[in-house]
Amino acid sequence: MITEANKSSASQPIADSHDPKVQQLIETLPGEHITQDAGQSAIIFRMVMSDHLCPFGLKSLDALKRAGYDIIDRHITNDEQNSLVKDNLGVETTPQTFIDGKRIGGNDELQVFLGNSEPKAEDEKTYTPVIAIFSVTALMTLALCWALSVNVLSMQALMWFVALSMCVLAIKKLEDLESFTTSFLGYDLLAQRVVRYAYVYPFFEAFAGIAMLANQPWLNPIAGAVALTIGLIGGISVIKAVYIDKRELTCACMGGDSKVPLGAISLTENVMMFGMGSYMLLRAFI
């Protein structure tokens, strides 16, 4: 039974599942015992409320099942139980998992313990968003070529790839415009002089990408001029910040919360825009 006496906060997180407070929680909280005859045991405390099913708890439970653990799954079904678990274990968050008597911690710590992921540093850089975006836009380009019987090595296919990539990158920036502008102002030379340019840049990029997809004779020169201009300014800004000033920054091309390093990736984006913009202008006037 849950009483006020049970709610005294622990000074240190409990690391041993044999602690009386942990055993009390196992006896007090509802849940189930998932037997998998693995020889190794696990205890998990996770939120299973009528209005909230903790996604991290689900990930932890799934990881334990896939690893074949014998699991005592305990559900936190209301705020009172949530406070009790945090106070008894001396922790601030749930889920919390114990394996073979040892407290592992939350979902991130569990995934590392099970070998499903690597420890993450707060300032860790990653190229995953870049790979995801360009892989999907490349597949979309191949799909268009297949559907419309266009040679995948043609200039039309390249234009589709660049246009689709620009549109997706614009969406990433527009997801959080304020955050993007803060990051963008850190290195873009024009934005540092005209702050409002940082706010309209994603709209310019989206417009140019959409206009390329439309491929209308009267619209192509406008799209080409826009792509060439923002690509040129962006390319010069990246070269100065990274290769001349030797600054270590994150790339605003993936949005303001990006952990992609500023450098070759952002330069590639700008080179693509500059190159495609130049081609569209030449095609329009020659």
Side-chain angles (χ1 to χ4, degrees), residues 1-132 135 250 254 257-261:
M1 181 177 180
I2 300 172
T3 65
E4 290 299 321
N6 291 329
K7 295 185 179 181
S8 58
S9 297
S11 57
Q12 295 293 332
I14 291 176
D16 187 351
S17 67
H18 300 294
D19 187 287
K21 290 184 177 180
V22 178
Q23 295 303 312
Q24 179 195 22
L25 291 174
I26 294 173
E27 295 172 1
T28 301
L29 300 176
E32 60 180 331
H33 188 170
I34 303 170
T35 304
Q36 302 194 94
D37 299 324
Q40 290 182 299
S41 61
I43 304 167
I44 180 171
F45 299 99
R46 62 190 183 97
M47 283 190 183
V48 183
M49 298 183 177
S50 58
D51 58 349
H52 177 63
L53 182 60
C54 177
F56 299 107
L58 288 173
K59 288 182 178 181
S60 295
L61 183 63
D62 177 69
L64 291 170
K65 286 180 178 178
R66 287 188 287 109
Y69 281 88
D70 184 87
I71 308 166
I72 295 177
D73 179 22
R74 286 296 176 261
H75 301 170
I76 301 168
T77 60
N78 55 51
D79 292 336
E80 185 181 9
Q81 291 176 353
N82 191 33
S83 297
L84 179 68
V85 170
K86 291 179 180 179
D87 290 343
N88 275 15
L89 298 184
V91 298
E92 296 182 355
T93 62
T94 57
Q96 290 293 320
T97 300
F98 292 80
I99 291 181
D100 289 335
K102 177 184 176 182
R103 189 177 74 85
I104 305 302
N107 179 66
D108 289 345
E109 292 80 7
L110 176 63
Q111 300 298 341
V112 171
F113 178 85
L114 295 176
N116 297 334
S117 65
E118 296 293 328
K120 295 180 181 179
E122 289 187 4
D123 59 348
E124 183 180 9
K125 302 296 188 293
T126 177
Y127 288 97
T128 300
V130 178
I131 296 171
S135 296
T250 55
M254 296 289 154
D257 61 349
S258 167
K259 293 184 179 180
V260 175

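- Between R46 and P95, the shortest heavy-atom distance links the atoms CB-CB, 4.0 Å.
- Looking at every heavy atom in both residues, Q23 comes nearest to S17 through NE2-O, 2.7 Å.
- Identified under the salt bridge (charged side-chain N to carboxylate O under 4.0 Å, His left out) test for residues 54-65, with sequence neighbours left out: D62-R66.
- Taken from CG in D87 to CD in E92, the straight-line distance is 11.0 Å, to the nearest 0.5 Å.
- Of all non-hydrogen atoms in Q36 and D70, the two that sit nearest each other are N-OD1, 3.8 Å.
- Under the 4.5 Å side-chain criterion, counting only non-hydrogen atoms from C-beta, I34 is in contact with L61.
- Within the model, atoms CG of L64 and CD of Q40 stand 10.5 Å from one another, a figure rounded to the nearest 0.5 Å.
- Atom CG in D51 sits 10.5 Å away from atom CG in N78 (nearest 0.5 Å).
- Checked options L89, I72, I26, I104; the residue passing with F98 is L89 (criterion: side chain to side chain contact (heavy atoms under 4.5 Å, CB included)).
- Note that the CZ atom of F45 and the CG atom of L29 stand 6.5 Å from one another [nearest 0.5 Å].
- Listed for the Q111 side chain is no donor-acceptor partner under 3.5 Å among the backbone atoms of D108.
- Counting only heavy atoms from C-beta outward, the side chains of Y69 and L114 approach each other to under 4.5 Å.
- Listed by chain and number, the residues in a salt bridge (Lys or Arg N to Asp or Glu O under 4.0 Å) with D19 amount to none (sequence neighbours excluded).
- A heavy-atom distance below 4.5 Å is not found between the side chains of V85 and Q96.
- Between R74 and L25, the closest heavy-atom pair is CD-O, 4.5 Å.
- A distance of 13.0 Å separates NZ in K21 from OG1 in T28, rounded to the nearest 0.5 Å.
- When the shell of 6.0 Å around CD of E32 is examined, it contains more than 12 heavy atoms from other residues, nucleotides or ligands.
- Remark: K86 NZ to L84 CG distance equals 12.0 Å, nearest 0.5 Å.
- Looking at heavy atoms from C-beta onward, S41 lies out of side-chain contact with I99 at the 4.5 angstrom threshold.
- Side chains of N82 and M49 form a contact here, defined as non-hydrogen atoms less than 4.5 Å apart.
- With a 4.5 Å cut-off on side-chain heavy atoms, V91 and R103 count as touching.
- Closest approach of P261 to T126, counting heavy atoms only: CD-O, 3.9 Å.
- Counting heavy atoms from C-beta on, the side chains of C54 and T94 never come closer than 4.5 Å.
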